[in-house]
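Since the structure comes first, as structure tokens, the remarks are kept for the end.
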There are 4 protein chains.
Amino acid sequence: MSSAERVRSAAVKLFATKGFHGTGIRDLAQEAELSSATLYHYMGTKEDLLVEIMTTSLHRLIDAVAKATAGSDDPVVRMRTLVALHVLAHAAQPGETRVVDNEVDALSAPARARVVALRDEYEQFWAKAIEDGAAANVFHTAQPAVTRLALLEMCSGVARWYSPTGPLKLEDLATHYAELALRALGHPVAVRAHDLRQCLEVVAQVWDLPVQEGF
Amino acid sequence: MSSAERVRSAAVKLFATKGFHGTGIRDLAQEAELSSATLYHYMGTKEDLLVEIMTTSLHRLIDAVAKATAGSDDPVVRMRTLVALHVLAHAAQPGETRVVDNEVDALSAPARARVVALRDEYEQFWAKAIEDGAAANVFHTAQPAVTRLALLEMCSGVARWYSPTGPLKLEDLATHYAELALRALGHPVAVRAHDLRQCLEVVAQVWDLPVQEGF
Amino acid sequence: MSSAERVRSAAVKLFATKGFHGTGIRDLAQEAELSSATLYHYMGTKEDLLVEIMTTSLHRLIDAVAKATAGSDDPVVRMRTLVALHVLAHAAQPGETRVVDNEVDALSAPARARVVALRDEYEQFWAKAIEDGAAANVFHTAQPAVTRLALLEMCSGVARWYSPTGPLKLEDLATHYAELALRALGHPVAVRAHDLRQCLEVVAQVWDLPVQEGF
Amino acid sequence: MSSAERVRSAAVKLFATKGFHGTGIRDLAQEAELSSATLYHYMGTKEDLLVEIMTTSLHRLIDAVAKATAGSDDPVVRMRTLVALHVLAHAAQPGETRVVDNEVDALSAPARARVVALRDEYEQFWAKAIEDGAAANVFHTAQPAVTRLALLEMCSGVARWYSPTGPLKLEDLATHYAELALRALGHPVAVRAHDLRQCLEVVAQVWDLPVQEGF
DNA sequence: GATGAATGAGTTTTCATTCAT
DNA sequence: TATGAATGAAAACTCATTCAT
């Protein structure tokens, strides 16, 4: 792993576990096994590093859902895909996703605006799927916006506790959450692991992970 | 409001919005309209303040669910109650609850152990209700533990966005989430605001809020 | 013990063991079992308290040696008496004497000048006795001033380690030191406890201690 | 002089004159002509600095007496050497030695234990010499332990007042104290400067001082 | 690329002291 | 006599960052 990569992954790890404000430059240097002065060869300011992590993570999420939902008109299929991708991303990349989800407040106003715009762009995929499903009478929810937020939070939580070394396989995790979401949307159908195969592939591709069950 | 109260509410507000590490003693002093030295009349260390906020908040949650579920054997009713109380608490006290949910990592090891123990005690009410419902065949979930975590995260998210001045009334919010949760548990029944009246009362009592629709 | 006395004895104890700068107002308050605000009823500033302790201690020493050596022309007797008194005072009042010996540097310039003047006044008794003994050819020392300092330091050290509950009785301690001093001055004569009886009485009187072997 | 050396010598000077608690970080920075932040490049905490000063000083004393007394069986010669070395060290390095002698109470418990152990190791040389002399009937003292403490204090006092620019030469100082000590031990023999030549050399070597009369 | 040295501004916390009650 | 409340100044120490090498 190059020094640049070490810096980035140290930042992801520490920002995720200790928070942006809880992580010092010296912590980063120690984790990356570099001097703190050397850090500045690979990053701008500490905030630049945070922004970079957040934007690449969000861009990847957006890429992934764009790819995986392209060409699908069925809101149920799209919803299933969105949930699966979100959960897989949070389970496979808990560091980056926790940073995105928890450290928005640490950003300065202009950087925050850019990040929030990306997050909104991403959430639009969810909003659209829910709306379409409601219009098609396959989803039943009195408060589509509230439901969207509820489901997003539900899925994001995975990054807080999922362990790839635990008994639960990634595909079963994704399957389970997809089912929870569809049930909550009033469309209680069984989801099979097979339905989510494409999602695993997209995640592997976008995040450059080895294609295997547990990444 | 006394100085001691001002310190506490300043801490809740700032820890919730800027995070523990993102909040300086000077920020607290300014928000509480006291000198930073005076702050130390009313608190021990900054961490003591955080611990106090977390433990009282968790004790209240535990009190509330203990009160509201006492004497109810029906897992569906208990689950409905747990969800409603959780959502109401997070909507009515977004500051305290966000601090509890997000700042556990900021605690030193011994304090964290105590807080986590309280949180586990609280989550046991959820675990029990889900187990009982599954045993009684009214809930259907292949992964009860995962489902519990998913639902808890879903409900906690409310503290991030709910606004009491928005169009959504507290009782409708609680109703909606209760329905989402019961659906996700495979028990899709309608929930009426009337069913949750007691929850509103318990919340008002435990958090010492004015008894009215929007607190 | 009155509050005023508690303040003073707390200060003596803490200044002696932790030093003036190492002792905080709150430490004093705790030791005296008073609030820190109440302390200020009984003292001026912290430095005033230190000055008071030092000056009363030095005045007592001066009183004691003036009393005990009055009317004695024999330099050997006077020296024996000075050593015994110094050692007894340091053994019986280790707190006050350690403060006098160690905290002079903590005083502001004007206060230091006053304290040093008192100390010099006291040391004059020693200087005079040594000079007289040298003139009378009973003491033999090439460097009277150096010898005076050496003997003073030797005797002051008692306050650092003597314990009244240990095996060594006060009168034996004084006897031993008197002999060491006379030997060092080239006048090696035996000193008997009986010779120092008056010293014990003077010390008991000046420091208001119960007249008994161990005070 | 390097920055690191400037920090150390500033600390020795200020800890010796104002005490550990009486010396602030800003005082050290000013004396060392560095910013207070830069200080922390060269030291750990303020206490680490104190510990380092004390331990190196004690190690040097131990080295010096080990070297100078090696191969000497005569208790009188050893005692003479111990006194001379102690006095020379305190006269030539009054800063370090005063810190060792006066600031032990400023240490935290674990650091204090280590320092006291070193001091005890050093004092064993004195204890042994006195015991051996008493056994050989060349020293006469009823209380060997008390005598040891008395002589140590007597010699340490030199650091409080000796000035290398004054009229008293180092070798005369050492000679005088050696004589005082031997007299106090009941072995009143003349000591000649020539007897202590080796001591001056050892001190010059161990403390890395220029070999000349006044260092 | 990499780093030791350096620092101004910042951190949390404690200081001695005052004062209204 | 006694104290809780209050504070400006200072304490020790860390911060993110720069720069000469």
Side-chain angles (χ1 to χ4, degrees), chain A residues 2-4 6-7 11 20-29 32-50, chain B residues 2-4 6-7 20-29 32-50 106, chain C residues 2-4 6-7 11 20-29 32-50, chain D residues 2-4 6-7 20-29 32-50 106:
Chain A
S2 74
S3 290
R6 288 218 306 280
V7 171
F20 178 75
H21 290 302
T23 302
I25 288 287
R26 281 163 168 80
D27 298 325
L28 287 173
E33 298 184 277
L34 291 169
S35 79
S36 61
T38 304
L39 239 52
Y40 284 86
H41 267 285
Y42 299 101
M43 62 180 217
T45 64
K46 200 178 129 189
E47 193 188 9
D48 291 341
L49 190 52
L50 175 61
Chain B
S2 75
S3 291
R6 288 217 305 282
V7 171
F20 179 75
H21 290 303
T23 301
I25 288 288
R26 289 163 153 83
D27 299 324
L28 285 173
E33 297 181 288
L34 291 170
S35 79
S36 62
T38 302
L39 238 51
Y40 284 85
H41 238 292
Y42 298 101
M43 62 182 215
T45 63
K46 206 178 116 181
E47 192 188 8
D48 291 340
L49 192 50
L50 175 61
Chain C
S2 74
S3 290
R6 287 217 307 280
V7 171
F20 178 74
H21 290 302
T23 302
I25 288 287
R26 280 162 170 78
D27 298 325
L28 287 173
E33 298 183 274
L34 291 169
S35 79
S36 61
T38 303
L39 239 53
Y40 283 85
H41 266 283
Y42 299 100
M43 63 181 215
T45 65
K46 200 179 130 187
E47 193 188 9
D48 291 340
L49 190 52
L50 176 62
Chain D
S2 74
S3 290
R6 288 217 307 281
V7 171
F20 178 75
H21 290 302
T23 302
I25 288 289
R26 290 162 153 83
D27 299 325
L28 285 172
E33 297 180 285
L34 292 169
S35 79
S36 62
T38 302
L39 239 53
Y40 284 88
H41 239 294
Y42 298 100
M43 61 181 215
T45 64
K46 206 177 114 180
E47 192 188 8
D48 291 340
L49 192 51
L50 175 62

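Chain letters run A, B, ... following the sequence lines, proteins first, then strands; residues in each count from 1.
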To the nearest angstrom, the CG-C1' distance between C/D48 and E/dT17 comes to 12 Å

In whole angstroms, the gap separating C1' of F/dC13 from NE2 of D/H41 amounts to 14 Å

Among the candidates E/dG1, F/dT1, E/dT7, find the nucleotide nearest to the side-chain atoms of D/L34.
-> E/dT7

May I have the distance from D/E33 (atom CD) to E/dT7 (atom C1'), rounded to whole angstrom?
-> 16 Å

Bracket notation of DNA chain E in which parentheses pair within the strand, [ ] cross earlier pairs, and | pairs with another strand (Watson-Crick or G-U, under 3.5 Å) = .||||||||||||||||||||

Starting at CG of B/L39 and ending at P of E/dT13, how long is that distance when rounded to a whole Å?
-> 10 Å

Check the pair A/V7 / A/L28 against side-chain contact (heavy atoms from CB on, under 4.5 Å), numbers first and verdict last.
-> CA-CA 7 Å; A/V7 171; A/L28 287 173; over 6 Å; no

Would you say F/dT1 has OP1 or OP2 under 4.0 Å from some side-chain N or O of C/T38?
-> no

Do D/L34 and D/S3 have side chains that get closer than 4.5 Å, going by heavy atoms?
-> yes

Residue whose nearest DNA chain F nucleotide is more 5′ - C/Y42 or B/S35 | C/Y42

In whole Å, what is the span from the CD atom of A/E47 to the P atom of F/dC15?
-> 18 Å

Polar atom pairs between nucleotides 14-16 of chain E and protein, under 3.5 Å, N or O only, would you list them?
from   : atom 1 : to    : atom 2 : distance (Å)
E/dA16 : OP1    : C/T23 : O      : 3.3
E/dA16 : OP1    : C/K46 : NZ     : 2.9
E/dA16 : OP2    : C/I25 : N      : 2.7
E/dA16 : N7     : C/R26 : NH1    : 3.4

Can you tell me the distance, in whole Å, between the CG atom of B/L50 and the C1' atom of E/dT12?
-> 15 Å

